[in-house]
Structures are given as structure tokens and as C-alpha cells.
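This one's a predicted model, so the numbers in the text were calculated from it and none came from an experiment.
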Amino acid sequence: MVNRDQVAGMARQVKGSIKQAAGKATGNWQAQAEGMADKVAGKVQKAYGDVKDKVRKAF
């Protein structure tokens with residue numbers, strides 16, 4: 001089962017990838033950096049959701 005943190009984390013990763021690609025295409029280094037930051041934050045949020053899900057299943 002997927003929880004909200006997992007979904008939000010994946011969505012944030014996708015948003016970051018799009019922002020990073022747009023920044024790369026336009027030569028906007030700030031948008032690229034923001035996209036990379038969003039991707040990392042999304043991975044962290046998804047990992048948190050994964051752990052939360054495993055703990056819930058353990059009990």
C-alpha cells in the first residue's frame with residue numbers, strides 16, 4: 001500500500017526533473033539547481049514514506 005508521503009515524494013521528484021530539464025534547456029542555472037534540490041527532497045520524502053509503511057506493516 002502506498003501512503004501520502006510516498007506519493008508526494010514521487011511527485012516532487014518528477015517536478016524536480018522537469019524543472020531541472022527546463023533550466024538546462026534554457027541555460028537557467030538557478031532553475032537547474034532548484035530542480036536538483038526538489039529531486040533530492042522528493043527522494044528523502046519518499047524514503048520517509050517507505051520507512052513509515054514498513055513500520056506500519058510490522059505492527
Provide the closest heavy-atom pair for Val2 versus Val7 in the form atom of the first, atom of the second, distance. CG1-CG2, 3.4 Å
Side-chain donor/acceptor pairs under 3.5 Å, residues 29-38, sequence neighbours excluded:
residue: Glu34; atom: OE1; partner: Lys19; partner atom: NZ; Å: 3.4

Considering only residues two or more places apart or on different chains, which pairs with a residue in residues 3-14 satisfy salt bridge (Lys or Arg N to Asp or Glu O under 4.0 Å)? Asp5-Lys52
Sequence neighbours left out, cut at 3.5 Å: what donor-acceptor pairs do the side chains of residues 41-48 make with other protein atoms?
residue: Lys46; atom: NZ; partner: Asp50; partner atom: OD1; Å: 3.4
residue: Lys46; atom: NZ; partner: Asp50; partner atom: OD2; Å: 3.1

